[in-house]
Amino acid sequence: MEYKGYKITEGKNRVIVENVIDFNPVHIFECGQCFRWLRQPDGSYTGVAKGRVINVSYNNGKLELYNTNIEDFKSLWFDYFDLGRDYSLVKEKVMRDEIMKQAVSFGSGIRLLRQDIWETLISFIISANNRIPMIMKTVNAISETYGREIEMDNKKYYTFPKLSDLSRATIEKLELCRAGFRCKYILGTARMINEGEMSLDGLASMNTKDARDYLKRFPGVGPKVADCTLLYSGTKYDVFPTDVWVKRVMEELYFKRETGFAEIQSFAREYFGEYAGFAQQYLFYYARENKIGAN
DNA sequence: TTGCAGGGGTCAA
DNA sequence: TTGACCCCTGCA
């Protein structure tokens, strides 16, 4: 059948989507926006999202989602993989110079996943002063401890915990998930939302600055975590999360000198405008994979 | 083998 | 503006 410009067919516990372009699982899942997708020996990726576990592979315009059905594809995965967006247009918009042409060509199959904002917020609180393998371990441990068990091919996986379940956690038990000094931030944030003191529901209708300031009221959330939360949940795209890698690549390729957070932010806003978030993602992936600016 | 620096930042002084 | 911070890995 035809669905929003794609040809989709249903197979045994799987959905095949044809005519998919600008989609590369390696770029998407390894560009740093998510922590729950694992590369399999055959090159496909298995991950937990939307309360489900699926396996994703892609070859020559054909996207294959295993352990799902057409109904879930329409209601969940189409949106999650941002399949309604024309990434060729996005690339055109951000390729403003030779540097961006390089970065885009390097990460040509990147897509910004539209992830659950609650999970994204907690995951990026964990990311502070941390390394990716550790972040993945901690998010997994939290899911195993407080999430729900699901299954694919007789293997167990765990969904990211609901707000109410994580709110009931204790610092002592959370510490077993190896979140270290971030445990108090996780619990503090969860409880503020659970008790109704704060809410993630209104962020989309705020302007970007207000949304960022609002998120920064959570413990463990500063400018970087706030911007990541907004961008990787698909809430705001005119943000430019600036971590050490982005700072390095901006200094080395654009500024040709040392600079600060504020200067990079205003440059990105001015230069990339509403596409800043996409530009950041191409740049980050390019910088990290090529160790640009690494000592 | 042991020791130490440092990491996708944030907080507090 | 500057150091401390959980925990783990990489590298002397």
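Note that these values count all heavy atoms, side chains included, but never hydrogens, waters or copies made by symmetry. In what follows, chains are A, B, ... by sequence order, proteins preceding strands, each numbered from 1.
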Q: In whole Å, what is the span from the CD1 atom of A/I125 to the P atom of B/dG7?
A: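 Going from A/I125 (CD1) to B/dG7 (P), I get 21 Å.
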Q: Considering only atom P, compute the distance from B/dT10 to C/dC8 and round it to an integer number of Å.
A: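 Going atom to atom, P in each nucleotide, I get 22 Å.
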Q: Look at the rings of A/F124 and A/F35 and say which category their plane angle falls in: under 30° parallel, 30 to 60° tilted, over 60° perpendicular.
A: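 Because their plane-to-plane angle lies in the 30° to 60° range, the rings of A/F124 and A/F35 count as tilted.
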Q: Find the distance A/K247:NZ to B/dT10:C1' and express it as a whole number of Å.
A: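 It works out to 16 Å between those atoms.
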Q: Using 30° and 60° as the class boundaries, would you call the ring planes of A/F267 and A/Y254 parallel, tilted or perpendicular?
A: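 Plane angle between 30° and 60°, so tilted.
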Q: Can you tell whether the side chains of A/K101 and A/E98 come within less than 4.0 Å, N to carboxylate O?
A: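 Salt bridge present between A/K101 and A/E98.
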Q: Rounded to whole angstrom, note down the P distance from C/dG3 over to B/dG6.
A: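 Their P atoms lie roughly 13 Å apart.
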Q: Please state how far atom CZ in A/R288 lies from atom P in B/dG7, giving the value in whole angstrom units.
A: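 Taking atom P of B/dG7 as the reference, CZ of A/R288 is at 15 Å.
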Q: Heavy atoms under 4.0 Å, any strand shown: does A/P133 hit a base, just sugar-phosphate, or nothing?
A: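 A/P133: no heavy atom of the nucleic acid under 4.0 Å.
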Q: Once you measure the plane-to-plane angle for A/Y185 and A/F181, does it fall in the parallel (<30°), tilted (30-60°) or perpendicular (>60°) bin?
A: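 Perpendicular: the ring planes of A/Y185 and A/F181 meet at over 60°.
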Q: Is it true that A/Y232 and A/Q281 share a donor-acceptor pair across their side chains at a distance under 3.5 Å?
A: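 Yes, because at least one side-chain N or O of A/Q281 sits under 3.5 Å from a partner of the opposite role on A/Y232.
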Q: In whole Å, I'd like the distance from the CH2 atom of A/W245 to the C1' atom of B/dG6.
A: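 For the pair A/W245 CH2 and B/dG6 C1', the rounded distance is 12 Å.
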Q: What is the separation between atom CG on A/L231 and atom P on B/dG8, rounded to the nearest whole Å?
A: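 Value for this atom pair: 18 Å.
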Q: Using whole Å, what does the distance between atom P of nucleotide B/dT10 and atom CZ of A/R217 come to?
A: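 Taking CZ of A/R217 and P of B/dT10, I get 17 Å after rounding.
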Q: What is the separation between atom CD1 on A/I122 and atom C1' on B/dG9, rounded to the nearest whole Å?
A: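 Going from A/I122 (CD1) to B/dG9 (C1'), I get 16 Å.
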Q: Quick one: label A/F261 by what it contacts on the DNA or RNA (base, sugar-phosphate, nothing), any heavy atom closer than 4.0 Å.
A: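 Result for A/F261 = nothing.
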Q: Using a cutoff of under 3.5 Å, can you pull out all pairs of nitrogen or oxygen atoms linking the protein to nucleotides 6-9 of chain C, with atom names and distances?
A:
from, atom 1, to, atom 2, distance (Å)
C/dC6, O4', A/F181, N, 3.1
C/dC6, O2, A/R182, NH1, 2.9
C/dC6, N3, A/R182, NH2, 3.3
C/dC6, N4, A/N129, OD1, 3.0

Q: Are A/E30 and A/Y45 linked by a side-chain donor-acceptor pair shorter than 3.5 Å?
A: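 Per modelled atom types, A/E30 and A/Y45 side chains form a pair under 3.5 Å.
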Q: Below 3.5 Å is the cut-off: list the nitrogen or oxygen pairs between protein and nucleotides 11-13 of chain B, distance only.
A:
from, atom 1, to, atom 2, distance (Å)
B/dC11, OP1, A/G220, N, 2.8

Q: When you check the gap from the basic side-chain N to the acidic O, do A/D79 and A/R114 get nearer than 4.0 Å?
A: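 Yes, charged N to carboxylate O under 4.0 Å.
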Q: Is A/D227 salt-bridged to A/R212, going by a charged N under 4.0 Å from an acidic O?
A: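 Looking at A/D227 and A/R212, the cut-off is met.
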Q: Roughly how far apart, to the nearest Å, are C/dA4 and B/dA5 at atom C1'?
A: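 After rounding to an integer number of Å, I get 14 Å for this pair.
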Q: What integer number of Å spans the P atoms of B/dC4 and C/dC5?
A: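 After rounding to an integer number of Å, I get 16 Å for this pair.
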Q: For nucleotides C/dC6 and B/dT2, find the distance between their P atoms and express it as a whole number of Å.
A: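 Pairwise P distance, C/dC6 against B/dT2, rounds to 25 Å.
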Q: Parallel, tilted or perpendicular: which fits the ring planes of A/F78 and A/Y3, with parallel below 30° and perpendicular above 60°?
A: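 Aromatic pair A/F78/A/Y3 classed perpendicular.
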Q: Counting Watson-Crick and G-U wobble pairs whose two distances are both under 3.5 Å, find the runs of 3 or more in a row that involve DNA chain B.
A: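 Detected stem regions: B:2-7 with C:7-12, B:9-13 with C:1-5.
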Q: Please verify the inter-ring angle class for A/F81 with A/F23; under 30° counts as parallel, over 60° as perpendicular, anything in between as tilted.
A: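 Correct class here is tilted.
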Q: When you compare B/dT1 with C/dC7, how far apart are their P atoms, in angstrom units rounded to a whole number?
A: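 Each nucleotide's P atom is 24 Å from the other's.
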Q: Has the side chain of A/N67 got a donor or acceptor atom that lies under 3.5 Å from a matching backbone atom of A/V53?
A: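 Flag set: sc A/N67 to bb A/V53 pair under 3.5 Å.
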Q: How close or far is atom P of B/dG8 from atom CD of A/E30, stated in whole angstroms?
A: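 Roughly 15 Å, once rounded to whole Å.
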Q: Checking A/R36 against A/S143: is there a side-chain donor and acceptor pair closer than 3.5 Å?
A: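 Short answer, yes.
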